[in-house]
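To keep things clear, I will list the structure first and then write my remarks on it.
Just so it is clear, the structure is predicted and the values come from calculations on it, not from any experiment. Atoms within each ligand, like the ligands themselves, are counted from 1 in listed order.
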Amino acid sequence: MGTFVVNASNVATASDASLTNPAISSISPDGKKSFYLETFGCQMNAHDSEKVSGVLLGRGYRAVENPAQADLVLYNTCSIREKAAQKVFARLGDWKTVANGKIIGVLGCLAQQEGEEIFERAPWVSLVCGSASYRKLPELLAQLEAGGRRVTGLDLDTDETFETEITRRDNLIRAYITIIEGCDYSCSYCVVPHTRGPERSRASDAVLAEAQRLADAGYTEIQLLGQTVNSYRDPSTRKWRFVDLLRAVAAVQGIRRVRFTTSHPNDFNHEIVHAIDETPALCDHVHLPVQSGSDRVLRAMRRTYTREEYLQKIEWIRAAKRPISITSDIIVGFPGETEADFEDTLTLLDAVQYDTIFSFTYSPRPNTSAKDMPDAVPEEEKSKRLAALNERQRQIQIANNEKLVGATFEVLVDAHHAARGQWTGRSTSNRLINFTSTRENLLGEYVSVRVTRGGPNCIGGEHVL
Ligand code: SF4
């Protein structure tokens with residue numbers, strides 16, 4: 001058993017009247033308790049928040065936009081970088097003198113990483129729960145509703161995933177389905193195995209049922225989520241692999257686009273490219289984080305593949321019958337990264353010609369094996385390398401996006417900018433396209449857009465009627 005602590009020895013008991021929570025039982029004018037939930041970090045967190053909201057709505061709470069009006073204030077946190085963690089503690093600090101009967105809760109990665117330390121740093125916090133324990137949220141909320149002062153869910157020892165009866169969908173265009181939670185890799189810089197626990201896949205029939213429900217509700221685009229989404233292994237007797245699930249979700253009646261993120265290069269195989277080639281509903285975009293172009297650094301990061309093996313997978317993708325967009329994550333300034341190692345990353349950008357990258361400077365995190373590695377790269381040097389990396393990638397994007405002028409893309413429209421007189425949407429290759437149209441009310445529609453200009457970060461075009 002892992003940790004599931006309610007009223008532990010260092011915290012107050014529910015019978016301590018001076019520390020009970022009056023606000024949670026106070027009723028708002030509409031007769032419902034209210035909650036405010038702010039999310040930090042990745043898409044997995046954003047979708048977890050949709051599910052947490054679903055749990056709360058199912059218990060009779062109503063969502064409010066302003067934390068000052070909420071009985072329950074929750075922060076779903078990220079600890080991937082020092083800055084993200086600092087931001088959460090700054091938010092918690094805001095409540096130091098004004099929490100006044102509100103329930104303040106910390107969810108997600110920082111909750112798992114810091115555990116009960118959060119109560120020490122911010123004694124006005126009442127709930128600390130990591131994502132691997134979200135299935136216990138109803139139980140924890142019941143403890144709080146009964147007057148419990150401090151409750152924690154910090155269990156990592158589980159093979160269950162977080163299933164909810166109701167999920168509040170915040171994105172009206174694209175719906176997310178988590179198919180795998182946690183991670184069994186042990187990249188030396190990464191907190192995820194510690195904060196999200198071991199890998200757990202959802203049964204394929206549950207995933208397909210959710211996809212069908214979403215299609216019935218009018219969604220046409222689904223994104224399958226997982227920290228290592230392509231490591232999926234169906235725990236049911238079907239024993240599907242990731243590619244089987246991918247094909248099956250794409251075959252759900254009403255679904256026109258299926259995306260997936262994030263793929264681990266180690267588990268990325270040729271069959272995924274074949275599936276994309278053969279299945280129009282599978283989007284022509286692969287996000288394949290490389291992190292570094294240097295074998296020496298990849299080894300130190302424990303990424304389990306070499307530059308050559310990674311480039312082999314890129315070749316498979318490039319050899320597909322339809323062009324597939326490739327994006328990546330890159331870390332610069334990992335301990336011991338030399339100028340030559342960094343140059344290897346720059347030459348990798350040239351070789352792959354990514355459509356875009358998400359770039360970061362390395363920051364040491366607690367509970368990671370890289371934290372105490374020698375030969376730290378000075379901050380100034382990290383920033384210099386990050387700027388050089390981004391400039392190289394910018395040049396690649398300008399050149400490649402200019403080549404798209406004259407091409408036509410099918411765009412799923414997701415926003416309108418009245419001031420600019422423009423619509424925005426994504427192509428199946430996940431390219432951001434701004435365009436003009438003489439039509440009105442395009443939101444949620446699939447339209448044809450001809451590219452008229454290519455910029456470094458997005459492309460512009462006009463609606464082809
Ligand atoms: S694969 Fe590595 S970087 Fe990705 S979540 Fe797992 S440990 Fe972290």
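Comment: K313 does not engage E309 in a salt bridge, judged by the lack of any side-chain N to carboxylate O separation of less than 4.0 angstrom. Electrostatic pairing of E278 and R247 counts as a salt bridge here, judged by a charged N lying under 4.0 Å from a carboxylate O. Classification of R150 and E116 as a salt-bridged pair fails, no side-chain N sitting under 4.0 Å from a carboxylate O. Between E379 and K382 a salt bridge is recorded (basic side-chain N to carboxylate O distance below 4.0 Å).
For atom 3 (S) of ligand 1, the closest heavy atom belonging to the protein is Y189 OH, 3.4 Å.
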Decide yes or no on side-chain contact (heavy atoms from CB on, under 4.5 Å) for T167 and H47, but give the supporting numbers first.
-> CA-CA 9 Å; T167 298; H47 184 45; 4.0 Å; yes

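Among M301, E199, R303, the residue whose heavy atom lies nearest to atom 4 (Fe) of ligand 1 is R303.
Shortest non-hydrogen contact noted between R135 and D155 is NH2-OD2, 3.6 Å.
Note on ring orientation: taking the six-membered ring where Trp is involved, the planes of H287 and F358 are perpendicular (angle over 60°, cut-offs 30° and 60°).
With waters left out, the protein N, O or S atoms under 2.8 Å from atom 6 (Fe) of ligand 1 add up to 1.
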